[in-house]
Each structure stands twice: as structure tokens, then as C-alpha cells.
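Heads up: the structure comes next, in C-alpha cells.
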Number of protein chains: 2
Amino acid sequence: MTVIFSKKCEYGLQAILYIATHTMGKAVPAEKISQALKIPREFVSKILQDLKASGLVGSVKGKAGGFFLGKEPSQIKLIDIVEAIDGLEMFNSCVLGFPECTPDAPCPVHNKWGILRDQAYQMLKAETLDQLKERTLNKISKL
Amino acid sequence: MTVIFSKKCEYGLQAILYIATHTMGKAVPAEKISQALKIPREFVSKILQDLKASGLVGSVKGKAGGFFLGKEPSQIKLIDIVEAIDGLEMFNSCVLGFPECTPDAPCPVHNKWGILRDQAYQMLKAETLDQLKERTLNKISKL
DNA sequence: CTTTAACCAGACAATTTTATCTGATTTTCA
DNA sequence: TGAAAATCAGATAAAATTGTCTGGTTAAAG
Ligand code: SF4
Ligand code: SF4
């Protein structure tokens, strides 16, 4: 299977986007995220607990508890979630899987892939959650 | 883990590039590929057997046997190997993992990711094995 | 103060991916 | 003809990823 992000990372990205757009001042329970995004509840819960360790989300226990953003929406970028879950290794390794990505021994598609890789990185780094809000709402509302 | 291609696919790409540059008219045994690319022999052998089913490689049994390209190097592109092993699904699905990639409900990074995805596809489709030969040799010789 | 709804920690299970093994067959060559 | 070197098919094993369960703790609300 060809994959960009692990399932965990995809779910993490989706969940954070969901929280950012549906928080209304209150904490969002895992159950709600699970239903909206069709992710198993315990699984998304686990992932958010992991993201908590990175400071990207916070949580409150007990009734009316749930998850919320750990920083201002204007301070969170998609790359932050990717880094927390999958790491940034892919942005520094060979697309063909050759060991070592050195300038004097580039893989055969170096000149093209290197550029794409950087653009992908820039893309994830470019916009903050608040800037993505409108488009996120449009997507999630049609799920 | 973040990944572009599965290990199988990476190994398949590397192995085909190796065969294309080291065939010298004869069949290349899995053992030789295994040593050169540091891929477990039985594993690369399996992968090449799979690629044989797609017509990308051929094989001869017995002593002095091994694998060879199933087509002219000028007729094989990297995308062919990717398609045979991992399929082309990634070039038609959402980078954030949202179900359905529809024009009226694009994911929040649609306008940027869509372009990158197409460029990646074009990259893999652009050059044939013979065109990649020189750069491949340079990479493999420094492994 | 009891019920309820939530997070949380850690074990557990299922699935997929990656890798190895075993034995059979084929071909070359001395 | 027999030993050696290779593919090949299928079973098996190991590892990683994905998903589930159990029981505990916390906090709101009646
Ligand atoms: S293109 Fe160059 S930099 Fe990019 S992955 Fe291949 S070797 Fe590494
Ligand atoms: S950007 Fe649009 S086309 Fe690309 S993956 Fe996201 S939804 Fe699909």
C-alpha cells in the first residue's frame, strides 16, 4: 500500500481540524469526534492523548469533559501534528528507499523529488488552523 | 511512520533499477541484487516473482539463471513498478485521509496538495529506465 | 452522595506488512 | 549422471500497525 501518512496521523490531523472548528468554547468529547469522522472512539481518544503529550491539545476529565486545542488556532500548523505523530523523517529521506540521501549520491529522481518534498513540507507548514477553518467546515459538513 | 511507498515497492524500484543497469545481456540472480542493495534475498526474489506476473521482468531458472527486464528499458517507467506493487490509489485519494475526494467537498489542503500529487505522478511517469541509467549507476556505485 | 459522562492507563487482540523457511523443480557444467 | 546454482510456490514466523477492552479516576449535576 502506498501511503503518505499513517492512519494514526491521518486521524490525528482530522481530529485536530474537527476540534478547531467545533470547539465553541467547550471541550469536545472523543465520542463526538468519533461519530463525526467515523473513527473508532477508543482509537481517536488514544491519539489525542498522545497529542496531549506534545502540547497540541489539552483535556478535561469528567462529565462535560473532552479535548480542546492546546494553543491558539493561529499557532498550530498541520506539520506540527505530523511531526508529533509520524515524525519528519520522510522529509529527509530518499523516495526510492535508498539508504542515505547525500548530495554526491542522490537517487535517480533527486532533482525532481527533492523539490516536491520541500513543497509538501512547505504546504503543511504554511497555513494555521484558523486559516484552514472555512475549508475544513466545508469538508466536514459534507461527510 | 510516514511513507511514500511500501518497502516492497521501494525494493521493487531499486531492484528493477539495478537490473536495468547491471544486466550485461545475462540474467541477474536474486543473490547479487540482494548483496548490492542489502535486501534479504528471499524477499527481493518474491517481489521480482510478483513483478514477473506484471510482465515487467522475466526470469530463467537453473544455474546461470536469474531475472531480466521484461521489456526494453525505454519502455519501462517507474510508475509501472509502483502501479504493479502498490497500485495508483494514492494518486486519487485524500492526503488527510478523509473519505472521498470530491470536487465539491475537497479536503482543506486541496488546492495545494492536488497539484503536488499530480506532479509526483508526472515525475514517476516522465522518465524511462534507460534515461535514468546514468544517475542510477552513480547512486548504486556509492552504496 | 449517587449517578452519569468523560478521560486515562495499560493490557490485549486483530490485521497487515515484512521477512524467512522448506522443499520442489529447472538448468548448467564438469 | 551428479553436483551446484538458481527460480518458484506455499507455509510459516516476526514485527509493526491498527483497533478493542477493562478498570480506574475525575468532575458535573441532580
Ligand atoms: S532525490 Fe535526492 S534528496 Fe530526494 S530523496 Fe532521492 S536522494 Fe534524497
Ligand atoms: S486535496 Fe482535494 S483532491 Fe487532493 S486529496 Fe484533498 S480532497 Fe482530494
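Numbers restart at 1 for each chain; the letters A, B, ... are given by sequence-line order, proteins then strands. Quick caveat, the model's predicted, so the values are computed rather than measured.
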Contact list please: residues 50-69 of chain A against DNA chain C, heavy atoms, distance less than 4.0 Å, in numerical order.
A/K52, A/S59, A/V60, A/K61, A/G62, A/K63, A/G65, A/G66, A/F67
Roughly, in whole Å, what's the span from NZ in A/K8 to C1' in C/dT15?
15 Å
May I have the distance from A/I47 (atom CD1) to C/dA9 (atom P), rounded to whole angstrom?
15 Å
Base, sugar-phosphate, or nothing for A/R41, non-hydrogen atoms under 4.0 angstrom?
nothing
Provide, to the nearest angstrom, the distance between the CG atom belonging to A/L48 and the P atom belonging to C/dC8.
9 Å
Spacing between B/Q49 atom CD and C/dA24 atom C1', to the nearest angstrom:
13 Å
Write down the distance between CZ (A/F43) and P (C/dA13), rounded to a whole number of angstrom.
18 Å
Classify the nucleic acid contact of B/A27 as base, sugar-phosphate or nothing, counting any heavy atom under 4.0 Å across all strands shown.
nothing
Side chains of B/E42 and B/S45 only: does a donor on one sit below 3.5 Å from an acceptor on the other?
no
Interatomic distance where CD belongs to B/E10 and C1' belongs to C/dT17 [whole Å]:
13 Å
If you go through the side-chain atoms of B/K46, does one of them form a donor-acceptor pair with the base of D/dG10 closer than 3.5 Å?
yes
Write down the distance between CD (A/E31) and C1' (C/dC8), rounded to a whole number of angstrom.
16 Å
If you take all heavy atoms of A/C107 and A/V95, which pair is closest and at what distance?
SG-CG1, 4.4 Å
Would you indicate, yes or no, if D/dG19 has its OP1 or OP2 atom less than 4.0 angstrom from a side-chain nitrogen or oxygen of A/Y11?
yes
Rounded to whole Å, please give me the gap between CD1 in B/I33 and C1' in D/dT7.
12 Å
Determine whether more than 12 heavy atoms belonging to other residues, nucleotides or ligands lie under 6.0 Å from atom NZ of A/K112.
yes
With no hydrogens and no angle check, do the side chains of A/Q35 and A/E31 hold a donor and an acceptor under 3.5 Å apart?
yes
Are there more than 12 heavy atoms of other residues, nucleotides or ligands under 6.0 Å from atom NZ of B/K142?
yes
Atom NZ of residue position B/K77 - does it have more than 12 heavy atoms of other residues, nucleotides or ligands inside 6.0 Å?
no
I need the minimum non-hydrogen distance between A/L48 and A/A15, along with the two atoms involved.
CD2-CB, 4.2 Å
